[in-house]
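Everything below concerns the one structure shown next.
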Amino acid sequence: FEEYLEAYVDEYVRPLAEHFKGRITCWEVTNEPYYQFKDCPEKWVQLMKATYETLKQVDPTCTVVGTCGPPGSMGYSWYRRTFSLGALNYQDAVSSHLYHFGPWVGAGVATTVRQWMQEIRRIMAENGKVLPLWNSETTVTPPASMYRHPSHTRYVQYHPGEGPTDPIEQAQTYLQVLTMHKAEDVKYSFHIFHGGIEYTSHTAEYDETPLAFLATQAALAKHLEEASYVGDIAFHGDVQACLFRRGDGLILIPWGPMFLKQDCAQVTLPLPAGRFTARDAFDNPLPVEGDDRETKLTVTWEAFLLLADAM
């Protein structure tokens, strides 16, 4: 292993870092090492230390990302073992691959992902250092192809046992999961396989037509990119509601994580309805019910954005 590590650093890491110095500022070290190094995490920490020190020698300002741990559904052993061996000293941010799967309605997917983030941070704290957390690879799959005619579907191939899912369900899952990432200040990187006939972690149809949930990504970028998380609003036991501030305005995103499609909750805000506008997952306008004394919200499995310009 020592011979391999020396060659890895001298013949790969250092030349690569020197060649791209000033152009690449963030480096993630190894992909999902909990598979290759599951029986010898100490060797991965040794590799991480050598790589970190080399990258910092070449460019002291670069960001080194490590760990690349699994989703909470696979347990937290990799985090505990590597952190206890000192791995947090050899990275500037901790990465994870928080893949999440359905059912997308009524399963609380987004709140579960949030719990994973919080547990990873708790394990960091137990080991004396809480670093920024990145979700460096994830997706919402299988994709929701909108093509139904044979002239298109002959080019659409899903994995065995999978098929097109509902585009609104996929968009809603994406909206809720990204909202939780924003609330937890976790960077999110979509695992992009763009186009092509094999439909898996795709953002587009086989012919590059964007999938519906990209409109949701655009809507969130529009409204939340410059916003900051304020906190959760606990106005109903079955409702998750995240509050954000953007400039002088506020953005509330409520939904029922465990609601099925027939479920709903009625919420009344003691504020005039005229102070709010609402947008759906695709940034389409929604009606706001109420009068000059109060605002009435019907919260379902579908998240939406309730916006107030100034409070």
Side-chain angles (χ1 to χ4, degrees), residues 71-72 96 98 100 104-122 132-135 138 140 168-190 213 215-259 263-271 273 275-286 288 290 295-311:
S96 56
L98 302 182
H100 46 82
W104 290 344
V105 179
V109 170
T111 52
T112 298
V113 172
R114 188 184 209 181
Q115 291 167 3
W116 295 346
M117 300 172 191
Q118 293 171 342
E119 180 64 13
I120 294 168
R121 284 202 174 111
R122 189 186 66 79
L133 180 60
W134 294 16
N135 186 358
T138 190
V140 184
I168 295 178
E169 290 182 9
Q170 185 180 25
Q172 277 293 327
T173 300
Y174 198 48
L175 187 158
Q176 294 163 20
V177 169
L178 283 183
T179 296
M180 287 305 195
H181 279 71
K182 182 69 174 180
E184 291 294 323
D185 193 25
V186 174
K187 293 183 184 294
Y188 181 107
S189 178
F190 194 94
F213 76 93
T216 300
Q217 180 168 293
L220 285 173
K222 172 183 175 181
H223 295 291
L224 290 188
E225 189 75 24
E226 302 301 325
S228 58
Y229 174 64
V230 176
D232 286 6
I233 305 299
F235 50 46
H236 191 285
D238 296 325
V239 172
Q240 171 66 49
C242 296
L243 183 66
F244 301 90
R245 180 177 295 279
R246 188 185 64 184
D248 295 330
L250 294 174
I251 303 171
L252 182 69
I253 304 181
W255 73 95
M258 306 303 292
F259 283 178
D263 299 329
C264 69
Q266 301 296 329
V267 176
T268 301
L269 304 179
L271 295 166
R275 301 183 71 170
F276 299 101
T277 58
R279 317 292 290 190
D280 69 7
F282 305 109
D283 205 29
N284 297 311
L286 294 172
V288 178
T295 301
K296 297 181 179 181
L297 305 178
T298 299
V299 181
T300 69
W301 69 279
E302 295 187 66
F304 63 93
L305 287 74
L306 186 69
L307 302 97
D309 289 337
M311 297 295 291

Taken to the nearest 0.5 Å, the spacing of I251 CD1 from R245 CZ works out to 10.5 Å

When every non-hydrogen atom of E302 is compared with those of W255, the smallest separation belongs to C-CB, 4.1 Å

C264 and T298 have their tightest heavy-atom pair at CB-CG2, 4.0 Å

CD of E226 to CZ of R246, rounded to nearest 0.5 Å, is 9.0 Å

Taking every heavy atom of T216 against every heavy atom of A171, the minimum-distance pair comes out as OG1-CB, 3.3 Å

Check: Would a 4.5 Å heavy-atom cut-off, applied to side chains only, mark F304 and P254 as touching?
Finding: yes

Between the CG atom in N135 and the CD atom in E184, the distance rounded to the nearest 0.5 Å is 12.5 Å

The reported gap from OH in Y174 to CD in Q217 (rounded to nearest 0.5 angstrom) is 3.5 Å

Interatomic distance, CG@L175 vs CZ@F282, rounded to 0.5 Å, equals 9.0 Å

Counting C-beta onward and ignoring hydrogens, is there a side-chain heavy-atom pair between Q266 and H236 closer than 4.5 Å? no

Here the pair of heavy atoms bringing M258 nearest to A107 is SD-C, 3.8 Å

Rounded to the nearest 0.5 angstrom, the CG-NE2 distance for L307 and H223 is 5.5 Å

Practice task
Side-chain contact test, heavy atoms from C-beta onward, threshold under 4.5 Å: evaluate it for V140 versus V177 and give yes or no.
Solution key: no

Exercise for review: Please examine the side chains of F276 and L297, heavy atoms only from C-beta on, and report whether any two atoms are closer than 4.5 Å.
Suggested key: no

Between K182 (side chain only) and A227 (backbone N and O only), is there a donor and an acceptor less than 3.5 Å apart? yes

Checklist line | More than 12 heavy atoms from other groups under 6.0 Å of CG on D185 | finding: no

*Sub-4.5 Å side-chain heavy-atom contact between Q240 and T179*: no

Exercise. State, yes or no, whether a side-chain contact exists between M117 and L133 at a heavy-atom distance under 4.5 Å.
Key: yes

| query | Just by modelled atom types, is the G290 backbone N or O under 3.5 Å from a matching donor or acceptor in the T295 side chain? | reply | no

Minimum side-chain heavy-atom gap V113-M180 below 4.5 Å
no

Tightest non-hydrogen contact, residues L252 and A241, listed as CD1-CB, 3.9 Å

Review point. Would you call C242 and D232 a side-chain contact if the rule is heavy atoms closer than 4.5 Å?
Key: yes

Checking W301 against E169 for the side chain to side chain contact (heavy atoms under 4.5 Å, CB included) test, could you report, in this order, the C-alpha distance in whole Å, the side-chain angles of both residues, the deciding distance, and whether it holds?
CA-CA 9 Å; W301 69 279; E169 290 182 9; 3.9 Å; yes

Taking every heavy atom of Q176 against every heavy atom of A303, the minimum-distance pair comes out as NE2-N, 3.8 Å

In V186, L220, L224, the residue satisfying side chain to side chain contact (heavy atoms under 4.5 Å, CB included) with H181 is V186

ask   = Under 3.5 Å, is there a donor-acceptor pair between the side chain of S96 and the main chain of L98?
value = no

